[in-house]
Amino acid sequence: MHALRRSLRLRLSWTVVVPLLALAVLALTWGRDLPVFWVVVVAVILAGAVLAAVHHAEVVAHRVGEPYGSLVLAVAVTVIEVALIVTLMVSGGSETQTLARDTVFAAVMISTNGIAGLAFLLGALRHGLAHFNPEGSGAALATVATLATLSLVLPTFTSEPGPQFSPAQLGFAAAASLVLYVLFVFTQTRRHRDFFLPVTSEGRAAEEGDHAPPPSSRAALGSLALLLVALVAVVGLAKVESPAIESGVEAVGFPHAFVGVVIALLVLLPETLAASRAALRGRIQISLNLAYGSAMASIGLTIPTIAVASVWLDGPLLLGLGTTQLVLLLLTAFVSGLTVVPGRATRLQGGIHLVLLAAFLFLAINP
């Protein structure tokens, strides 16, 4: 009887209940105008779903090892995010013409400056220096920069009217993005997997700080399923909260485009928390796998999907960045390159990237 009660408590732990509760709340609130009380309730459940997603991502990562664990979380979040973008663009009007561009650019800036910068800062504060593998991080950063240039920079300079691709150009950008992303995943998980594993200050592969045995296959599969449920709930509840966010943004006089930034911040919360916890354990490479992997997946999966969906979309698809955004992207790529080359970072590097994130947020509010 005691064993049965213990098993029941484990099965009904908060990490199991919260994702299912969040999914139920999502089904009840989707497409409805919510009063203030329910807006607060949804926000609380959204926060719980984020924490549950991080827990289940760590369980899966402990079972499959790195860099597979980081890849699972980054791809899962991005796939759901892409589905949300396409749904909104298909059902929306002219205001959604820049939705893909704004969402992808926000994800890139938040990932490369926010998540990475926070990891550098936390790692340096806890361990003196944040150590990582420059070969893997450099390869990831180069892929992010190439994808961003092909998909977000070139449309601004084509002969097409407006910052957009012609159908042939969009097809090429989509194919190139998908090829680059698949090639990187193969490199990360097969050919040069050791480039993406945590390292010590001497450059050797770091030993696991947690010697607990990995979870069983059944437990890992259960956590994978609950991770997907939690992520669906996170993205869906972020969409449910968007009218309240939009009203709040308008009330304080911010541009309408800032709503997309707020939603991107909510969607990337699981990666941010997971990367921060890894950084505090001195496993900065895992944090960078999450940061650059999220940015890469956001472009490499969104652009091909949008290219296919553009057949059914009305109106132009505006992908090209404006002048201010181009400057921020160029500065981010340049500073990130200087940061990853030595294979170690100080609090200064973390602060620089967080200031770049602050500049992005400020200029999104006050363009």
Say whether, by atom type as modelled, one donor and one acceptor occur between the side chain of Arg101 and the main chain of Gly320 under 3.5 angstrom.
yes
Answer yes if Leu152 and Val335 sit in the same cluster of Ile, Leu, Val, Met, Phe, Trp and Tyr residues linked by side chain heavy atoms under 4.5 Å apart, and no otherwise.
no
Would you say that Val108 contacts Ser298 through its side chain, given a criterion of any heavy-atom pair below 4.5 Å between the two side chains?
no
Could you check whether any side-chain N or O of Thr158 sits under 3.5 Å from a backbone N or O of Gln164, counting only pairs where one atom can act as donor and the other as acceptor?
yes
Rounded distance (nearest 0.5 Å) linking atom CG of Leu121 with atom CD of Gln349:
11.0 Å
Let me check something: do Val252 and Val261 share a hydrophobic cluster, defined by ILVMFWY side-chain heavy atoms less than 4.5 Å apart, either directly or through other members?
yes
Are side-chain heavy atoms of Asn289 and Gln188 found at a separation under 4.5 Å?
yes
Closest approach of Gly350 to Phe120 (non-hydrogen atoms, all atoms of both residues):
CA-CB, 3.7 Å
What one should report as the nearest heavy-atom pair of Ile284 and Ala130 is CG1-CB, 3.8 Å
Give the ring-plane orientation class for Phe360 versus Phe105, where under 30° counts as parallel, over 60° as perpendicular and anything between as tilted.
perpendicular
If we only count heavy atoms from C-beta on, is the Leu361 to Leu357 side-chain gap below 4.5 Å?
yes
Residue pair Leu125 / Arg347, side-chain heavy-atom distance below 4.5 Å:
yes
Does some side-chain heavy atom of Leu226 sit less than 4.5 Å from a side-chain heavy atom of Val59?
no
Of Val40, Val39, Val41, the residue whose pairing with Phe37 passes side chain to side chain contact (heavy atoms under 4.5 Å, CB included):
Val41
Got a donor-acceptor contact below 3.5 angstrom from the Gln285 side chain to the Asn133 backbone?
yes
Minimum-distance pair of heavy atoms, taken over all atoms of Gly236 and Trp30:
O-CZ3, 3.7 Å
Considering non-hydrogen atoms only, spot the tightest contact between Pro198 and Ile286 and give its length.
CG-CG1, 3.8 Å
Sub-4.5 Å side-chain heavy-atom contact between Thr103 and Thr302:
no
Listed once per pair and sorted, the ring-ring contact (aromatic ring centres under 6.0 Å, His included) pairs that draw on residues 135-193, sequence neighbours left out
Phe184-Phe196, His192-Phe195
For the hydrophobic clusters of this structure (ILVMFWY residues joined by side-chain heavy atoms under 4.5 Å, transitively), does one cluster hold both Leu118 and Leu141?
no
Are the side chains of Leu129 and Thr346 in contact, using a 4.5 Å heavy-atom criterion?
yes
Please answer: with hydrophobic residues joined when any side-chain heavy atoms are less than 4.5 Å apart, are Phe362 and Leu356 in the same cluster?
no
If hydrophobic clusters are built by linking Ile, Leu, Val, Met, Phe, Trp and Tyr wherever their side-chain heavy atoms come under 4.5 Å apart, do Leu273 and Leu354 end up in the same one?
no
Interatomic distance, Glu271 atom CD to Ile115 atom CD1 [nearest 0.5 angstrom]:
5.5 Å
Calculate, to the nearest 0.5 Å, the distance between atoms CE and OG1 belonging to Met296 and Thr112 respectively.
11.5 Å
Taking atom CG of Leu228 and atom OG of Ser223, what is their separation to the nearest 0.5 Å?
11.0 Å
Distance-minimising heavy-atom pair for Ser287 and Ala275:
OG-O, 2.7 Å
Considering non-hydrogen atoms only, spot the tightest contact between Gly117 and His353 and give its length.
CA-CB, 3.7 Å
Would you give the length of the straight line joining atom CG of Leu122 to atom NE2 of His127, rounded to the nearest 0.5 angstrom?
9.5 Å
Between Ser151 and Ser177, does any side-chain donor sit less than 3.5 Å from a side-chain acceptor?
yes
Would you call Leu319 and Leu170 a side-chain contact if the rule is heavy atoms closer than 4.5 Å?
yes
Please check this pair: side chain of His131 against backbone of Ala345, looking for a donor-acceptor N/O pair closer than 3.5 Å.
no
For the atom pair CG (Leu329) and CG (Asn113), what is the distance rounded to the nearest 0.5 Å?
9.5 Å
Does atom CZ of Arg277 have more than 12 heavy-atom neighbours from other groups under 6.0 Å away?
no
